[in-house]
Amino acid sequence: MRKLIGLTVTGALALTTPAWGQALRQPQPQPAPATRTALPATDALAKRWVAENRVPGIVIAVGQGDAAPRIATAGRIANAATAPAADADSLWRVYSMTKPITGIAAMILVEQGKLGLDQPISDFIPAFKTMKVLVDPTKDLTSRPATRQITVRNLLTHTAGLGYNIITKGPLLDEYNRLGINPAAVSAAMEPGMRAVRPKSLEEFANRVATLPLIAEPGATWSYSIGLDVLGRVIEVASGMPFDSFVQTRIFQPLGMTASYWTVPADKARLFATNYAQVGDSRVPLDPGATSAWLQPPSFPYGGAGLVMSARDYDRFLHMLLNGGTLGGARILKPETVRLAMSDLLPAGTDRSVLRAMFDGADMGFGAGGSVSLADQPGGPGKGTYGWAGAAGTLGWVDPTNRVRATVMINLFGQTPLKSEATRAIYADLRQ
C-alpha cells in the first residue's frame, strides 16, 4: 500500500516543473464534535513525525462504528513558531483524495438513472464519439481507431485510456502540455504560467482532451489518469448544473461539510496549511497558506485533485460511506449504491498489473474513484477497504469489514512511509 503515495507524490513533484434536489430538503446536520480519546500508538506516531522534523504538523482522525472521530494531532500548520496548531479544523490540500468524492457524485446520478456505468460518455460529451488509440505511445502520435467507446465505468476506474501529465511520457505528454491539460494547482508562483495554457472551463477542458489519442483501448488496462476530471464534465451535463455546485448541494451541504473548498475564502486562510516539498534533506515551502494558489478561483473545478478540506470534513464523507450512504439524518445514497461504489468496478479482462504494483503486489480492485482491497490484510484493513491518497501526503479510507474510517492530513510533496506507519498505528490502537 505504501506505493500508493509514491505514485501520487512523484506525480505532484512533476507538476512543479514547467513541463507539466432532494438532499437540500433534508435537515442540515451540524458537525459532530471530535473527541481526543486514547489512541496511544497513533498519538505517538503524530508526535514522533513532528519531533523528528518530518512535517511541521499532522492530524489523524479515526472513527469506528457510528462514533465521532478520535483525533490525534501534533505540531503546527507551518514551520513558523507562530503558526496555528494543527487540529481537526485545519485546512489541507487533499489533491487526489478529491477523486472518491467525484466518484460518489457520479454514483448519485447512477442511482437516479441519469448515468449508466456502461453508458458511453459521448452521450454527454459528443467530442468523445470517435477516439483513436496510439500504436506505440513511446514512439510517436501514430494512431488507429478505437474499437470501444469510453464509458462512465472507465472514467471512474482509470481504464479509459486517458493519460495524466504526472504519469504520461513521450510525444503524448508534449501534447498534454501544449493544450494545458494540467488540472491541478501547485503554487501561486506557478499558477499564472499554468493558467495561461489551461482551458478556461470544464467544457473546454473535456473537449480538448477528446482531440488527443488514447494510450490504450478503453477497458484494456488500469492507468492512472485525468478520468475523474473528465467525469466532472459528464456530471455537470447529466445533472444540468455546474459540477462544483452539484458536489456542494448533493454532498457537502447535506453532510454539514462546511470546510471543503475549491477556493479557500480569505477569512479561512489563517487555517490553511503551508505546502512543502522535500528536496534532499531540506523541506522547502512551496505554497504558503497565506498566499496560496487556492485563495483564487481555479480555472475550473478539478474533479481529480482540486479540493482543500479539513480532517473533520473528510471524516464526515467517509462516515457517510461507512453508514451506507447516510449521516446525521441526510441520505446521500442508498446502501446498495454505496456497496456498488466501493466494489471492484474494473471491466472484465482489464490488465491491473500497475495497480497491484502500487500496493506491493496485493490483489487490488478499483471502485468509484478509489482503490478496493480484495483480501484482508492481517492485522490491518479488511477486504473491501476503499480509499485513496493525495499527492501532498494525505490519506483516507473506509474499512467496512472492521467498521473503521481514517483520515490522515499533512501537506508535503515527497516520498514518505506515512501510509504504512499510520495504518499500523491505527489498527494497533483499535485492537486494544
Side-chain angles (χ1 to χ4, degrees), residues 23-24 26 28-34 59-71 88-109 111 156 228 231-232 235 243-262 301-335 337-342 367-372 381 384-390 394-400 403-409:
L24 287 178
Q26 295 174 333
Q28 302 298 300
Q30 296 302 308
V59 177
I60 304 176
V62 181
Q64 191 165 27
D66 202 35
R70 292 179 281 175
I71 306 292
D89 297 309
S90 302
L91 298 175
W92 312 85
R93 299 154 191 79
V94 300
Y95 278 110
S96 287
M97 279 167 61
T98 305
K99 289 177 169 72
I101 292 174
T102 300
I104 293 302
M107 295 305 295
I108 293 172
L109 295 171
E111 182 175 286
L156 284 168
L228 277 296
L231 187 61
I235 289 169
F243 168 56
D244 51 348
S245 297
F246 184 83
V247 172
Q248 182 70 32
T249 58
R250 299 306 304 272
I251 298 177
F252 294 165
Q253 281 182 222
L255 293 179
M257 295 170 62
T258 58
S260 297
Y261 305 109
W262 307 98
Y302 312 133
L307 284 169
V308 166
M309 302 178 69
S310 69
R312 188 194 305 275
D313 264 24
Y314 210 85
D315 175 77
R316 291 191 68 77
F317 172 69
L318 299 180
H319 197 169
M320 175 272 295
L321 295 177
L322 193 62
N323 279 358
T326 186
L327 186 65
R331 176 162 292 285
I332 306 301
L333 288 170
K334 297 176 181 177
T337 310
V338 173
R339 287 193 294 270
L340 178 62
M342 299 199 308
S371 62
V372 179
T385 294
Y386 162 89
W388 203 236
T394 57
L395 316 165
W397 71 88
V398 174
D399 176 354
R403 297 284 296 157
V404 170
R405 62 191 193 272
T407 300
V408 181
M409 297 294 203

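Sequential numbering from 1 along the given sequence is applied to the chain's residues.
Side-chain atoms of Met309 and Met257, non-hydrogen and from C-beta on, do get closer than 4.5 Å to each other. Between Ile60 and Met409, the closest side-chain pair of non-hydrogen atoms is not below 4.5 Å. Ile251 places a side-chain heavy atom less than 4.5 Å from the side chain of Ile101. The shortest distance between side-chain heavy atoms of Thr407 and Trp397 does not fall below 4.5 Å. Considering only heavy atoms from C-beta on, Tyr95 stays 4.5 Å or farther from Leu307 through its side chain. The shortest distance between side-chain heavy atoms of Pro100 and Tyr386 falls below 4.5 Å. Asp66 places a side-chain heavy atom less than 4.5 Å from the side chain of Asn323.
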- [ ] Start with the C-alpha gap between Leu327 and Arg316, add the side-chain angles, then the distance that decides, and say whether side-chain contact (heavy atoms from CB on, under 4.5 Å) holds.
- [x] CA-CA 8 Å; Leu327 186 65; Arg316 291 191 68 77; 3.6 Å; yes
- [ ] Start with the C-alpha distance between Trp92 and Val308, add both sets of side-chain angles, then the distance that settles side-chain contact (heavy atoms from CB on, under 4.5 Å), and finish with yes or no.
- [x] CA-CA 5 Å; Trp92 312 85; Val308 166; 5.9 Å; no
TODO: Could you give me the CA-CA distance, side-chain angles and deciding distance for Val372 and Thr385, then say whether side-chain contact (heavy atoms from CB on, under 4.5 Å) is met?
DONE: CA-CA 5 Å; Val372 179; Thr385 294; over 6 Å; no
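Annotation: side chain to side chain donor-acceptor pair (under 3.5 Å) contacts of Thr337 (sequence neighbours excluded): Glu111. For the side chain to side chain donor-acceptor pair (under 3.5 Å) test, no residue two or more places apart in sequence or in another chain qualifies with Asp244. Residues that satisfy the side chain to side chain contact (heavy atoms under 4.5 Å, CB included) test with Ala106, not counting sequence neighbours, are Leu115, Leu156, Leu231, Ile235. Taking Leu322 as the reference, Val398, Arg403, Arg405 meet the side chain to side chain contact (heavy atoms under 4.5 Å, CB included) condition, with sequence neighbours excluded. Under the side chain to side chain contact (heavy atoms under 4.5 Å, CB included) criterion, Val338 pairs with Leu321, Leu333, Met342, not counting sequence neighbours. Residues satisfying the side chain to side chain donor-acceptor pair (under 3.5 Å) criterion with Ser90, sequence neighbours excluded, are Asp87. With sequence neighbours excluded, the residues forming a ring pair (Phe, Tyr, Trp, His ring centres under 6.0 Å) with Tyr314 are Phe317, listed by chain and number.
Note on residues 93-108: pairs passing salt bridge (Lys or Arg N to Asp or Glu O under 4.0 Å), not counting sequence neighbours, are Arg93-Asp287.
With 3.5 Å as the limit, one finds no donor-acceptor pair spanning the side chains of Ser310 and Asp89.
Across all non-hydrogen atoms, the minimal contact from Ser96 to Trp388 is O-CD1, 3.4 Å. In this structure, Ala389 and Leu395 approach most closely via the heavy-atom pair CB-CD2, 3.8 Å. For the residue pair Ala305 and Thr98, the shortest heavy atom distance occurs at C-OG1, 3.8 Å. Heavy atoms only, all atoms of each residue included: Pro69 and Ala61 are closest at CB-CB, 4.3 Å. For the residue pair Ile332 and Ile108, the shortest heavy atom distance occurs at CG2-CD1, 3.8 Å. Closest approach of Ser260 to Asp313, counting heavy atoms only: OG-OD2, 2.7 Å.
In this structure, the side chain of Thr102 engages the main chain of Gly303 through a donor-acceptor pair within 3.5 Å.
Aromatic ring centroids of Trp262 and Phe243 lie under 6.0 Å apart.
Annotation: the span from Leu340 atom CG to Lys334 atom NZ amounts to 12.5 Å, rounded to 0.5 Å.
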